Amino acid sequence: MKLELYGAGIASMDGKKLDLNLLLALEALLAERNVTRAARRLNLSQPALSAQLTRLRDIFGDQLMIPTSRGVNPTAMALELQAPLREALDQARAVVSRAQAFDPASAEITFTIAASDYMQVAVLLPFLVKLNTNAPGLRLMVRILDIPSVASELERGVIDIAFVQPIDAEGPGLRSTTVLRDRYIGIIRRGSLGADGMSIDRFLDARHIIVSLNWDGFAGPTDIALAAIGLKRNVAFAVSSFVFLIESVSRCDLIALVPQRLTTRYVDRIDTFEPPVAVPGIELKMLWHDRTHDHPGYQWLRSEFEAFCARH
């Protein structure tokens with residue numbers, strides 16, 4: 001039996017020495033760069049994983065992972081192996097997944113999703129209506145997104161999927177795909193916009209309310225865009241909820257910029273206007289951990305989210 005791994009200077013090797021568990025161990029080490037975390041991910045003891053690394057070093061004739069004060073760093077050969085290794089293992093997992101048919105109409109499984117209230121209102125709400133009809137045995141727990149903890153919660157299985165902006169989509173063992181793009185639009189209490197619309201002077205003089213999901217104070221993308229042309233607005237309130245923000249604007253003389261998808265649900269309480277300064281749009285990624293990547297149920301849920309977001 002021969003196993004072929006191209007791209008690392010190795011054409012073939014003795015398959016009797018190399019089993020799938022060793023390849024999984026190498027994949028985990030490359031992803032985590034830490035023996036303790038990789039062992040936890042594989043449900044192995046640290047000595048057992050160290051023994052597998054010793055076997056891998058013997059097979060490949062290379063150190064593969066070099067110990068450092070903060071974990072382990074891959075050698076040049078290990079880095080060359082990473083891409084073909086993932087491809088080979090993904091193909092193997094796909095074979096197993098095809099044999100494990102997932103039927104959402106009869107399956108009984110619980111998923112935990114973390115998302116901002118914007119994502120919950122704009123996408124998850126209509127998605128839940130569909131899910132309630134087509135997959136009555138599935139349970140979905142929706143939690144508010146906690147950005148500082150999202151990578152750890154995905155790794156530990158506290159949550160299964162998170163919807164985040166690209167800047168928050170990094171960490172060992174994490175995978176992501178873009179599922180949603182939206183543009184910012186201005187909102188003001190219904191009936192108070194006036195025939196002249198929103199000039200830049202009125203925009204700057206008004207009191208603003210913003211959402212600050214990262215707890216980073218009274219500034220956001222709009223303030224960056226204004227600063228680039230030497231201007232500054234008056235941000236009076238920073239909150240953690242888009243729904244709270246819109247409710248606030250609908251009741252007093254505040255203005256705000258929000259993702260456009262949200263505004264369609266509040267047309268009876270707010271008017272909209274084009275921002276007098278160009279502000280980059282919003283992009284959301286669906287984020288998950290390697291631990292659920294190949295499970296047929298989680299694969300189905302991710303594909304359903306992607307397809308639903310593409311249509312709405």
Side-chain angles (χ1 to χ4, degrees), residues 19-32 34 36-45 48-49 52 82-115 119-120 123-124 127-128 130-143 145-146 149-164 168-180 284-310:
D19 62 32
L20 184 60
N21 288 329
L22 292 180
L23 293 180
L24 292 170
L26 181 55
E27 179 190 44
L29 286 165
L30 284 165
E32 301 290 351
N34 181 284
T36 300
R37 288 200 303 265
R40 188 184 307 124
R41 174 173 165 177
L42 295 166
N43 292 320
L44 293 175
S45 67
L49 181 57
Q52 290 188 338
Q82 190 166 19
L85 175 65
R86 169 170 281 188
E87 182 179 353
L89 289 175
D90 281 350
Q91 289 175 353
R93 290 169 179 137
V95 171
V96 175
S97 294
R98 283 193 290 270
Q100 299 174 339
F102 180 79
D103 179 13
S106 59
E108 295 184 359
I109 187 171
T110 299
F111 303 107
T112 303
I113 312 298
M119 185 67 182
Q120 291 183 29
V123 176
L124 291 182
F127 183 80
L128 291 187
K130 174 187 175 185
L131 198 67
N132 187 55
T133 301
N134 299 339
L138 300 187
R139 299 197 305 172
L140 198 64
M141 178 178 289
V142 180
R143 294 180 41 187
L145 180 67
D146 181 11
S149 303
V150 67
S152 172
E153 290 183 344
L154 284 166
E155 180 184 3
R156 292 184 287 116
V158 177
I159 57 178
D160 302 311
I161 291 174
F163 293 95
V164 300
D168 307 311
E170 299 178 356
L174 298 184
R175 302 197 186 200
S176 65
T177 185
T178 299
V179 293
L180 186 68
L284 285 180
K285 288 185 174 289
M286 178 169 58
L287 191 65
W288 67 97
H289 194 272
D290 276 343
R291 66 178 182 81
T292 62
H293 181 68
D294 301 297
H295 188 288
Y298 294 95
Q299 288 179 334
W300 174 84
L301 184 65
R302 292 195 301 268
S303 66
E304 287 292 300
F305 270 131
E306 283 194 76
F308 190 85
C309 288

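Since the structure is predicted, the reported quantities are computational estimates derived from the model, not experimental observations.
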A.B. asks: Who pairs with Pro104 by side-chain contact (heavy atoms from CB on, under 4.5 Å), at least two apart in sequence or on another chain?
C.D. replies: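 Pro104 satisfies side-chain contact (heavy atoms from CB on, under 4.5 Å) with Phe102, Ala135, Trp300 only.
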A.B. asks: Which pair of heavy atoms, one from Phe127 and one from Phe308, lies closest together, and at what distance?
C.D. replies: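 Closest approach of Phe127 to Phe308: N-CZ, 3.5 Å.
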A.B. asks: Is any side-chain heavy atom of Leu284 closer than 4.5 Å to one of Met119?
C.D. replies: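 Yes, side chains in contact.
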A.B. asks: Please determine whether a side-chain nitrogen of the Lys or Arg among Asp160 and Arg291 lies less than 4.0 Å from a carboxylate oxygen of the Asp or Glu.
C.D. replies: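 Yes, Asp160 and Arg291 are salt-bridged.
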A.B. asks: Enumerate the residue pairs fulfilling salt bridge (charged side-chain N to carboxylate O under 4.0 Å, His left out) with a member in residues 20-31, sequence neighbours excluded, ordered by first and then second residue.
C.D. replies: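 Checked against salt bridge (charged side-chain N to carboxylate O under 4.0 Å, His left out) - neighbours excluded - the pairs reaching residues 20-31 are Glu27-Arg93.
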A.B. asks: Applying side chain to side chain donor-acceptor pair (under 3.5 Å), can you list everything that pairs with Thr177, at least two apart in sequence or on another chain?
C.D. replies: none
A.B. asks: Taking only residues two or more places apart in sequence, or in another chain, which ones meet Arg143 in a salt bridge (Lys or Arg N to Asp or Glu O under 4.0 Å)?
C.D. replies: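 Salt bridge (Lys or Arg N to Asp or Glu O under 4.0 Å) list for Arg143, sorted by chain: Glu153.
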A.B. asks: Taking ring pair (Phe, Tyr, Trp, His ring centres under 6.0 Å) as the test, write out the residues that go with Phe111, two or more places apart.
C.D. replies: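 Listed in chain order: Tyr298.
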A.B. asks: Do side-chain atoms of Ser149 reach the backbone of Asp146 as a donor and acceptor pair under 3.5 angstrom?
C.D. replies: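 Judged by distance alone, no pair lies under 3.5 Å.
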A.B. asks: For Thr133, what residues pass the side chain to side chain donor-acceptor pair (under 3.5 Å) criterion, not counting sequence neighbours?
C.D. replies: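 None.
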A.B. asks: Give a yes or no on whether the backbone of Ala115 and the side-chain of Gln120 come within a donor-acceptor separation of less than 3.5 Å.
C.D. replies: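 Yes, Gln120 side chain to Ala115 backbone: donor-acceptor pair under 3.5 Å.
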A.B. asks: Holding to salt bridge (Lys or Arg N to Asp or Glu O under 4.0 Å), I want the full list of residues that pass it with Glu304, two or more places apart in sequence or in another chain.
C.D. replies: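 Glu304: salt bridge (Lys or Arg N to Asp or Glu O under 4.0 Å) contacts with Lys130.
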A.B. asks: Could you check whether any side-chain heavy atom of Phe305 comes within less than 4.5 Å of a side-chain heavy atom of Ile113, counting everything from C-beta outward?
C.D. replies: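 Yes, at least one pair of side-chain atoms sits under 4.5 Å.
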A.B. asks: Would you give me the side-chain donor-acceptor pairs under 3.5 Å for residues 38-45, sequence neighbours excluded?
C.D. replies:
{"from": "Arg41", "atom 1": "NH1", "to": "Glu32", "atom 2": "OE2", "distance (Å)": "3.3"}
{"from": "Arg41", "atom 1": "NH2", "to": "Asp290", "atom 2": "OD2", "distance (Å)": "2.6"}
{"from": "Ser45", "atom 1": "OG", "to": "Ala48", "atom 2": "N", "distance (Å)": "3.2"}

A.B. asks: Sequence neighbours left out, what passes side chain to side chain donor-acceptor pair (under 3.5 Å) with Trp288? Give chain and number order.
C.D. replies: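 Trp288 satisfies side chain to side chain donor-acceptor pair (under 3.5 Å) with His293 only.
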A.B. asks: Which residues pass the salt bridge (Lys or Arg N to Asp or Glu O under 4.0 Å) test with Arg139, sequence neighbours left out?
C.D. replies: none
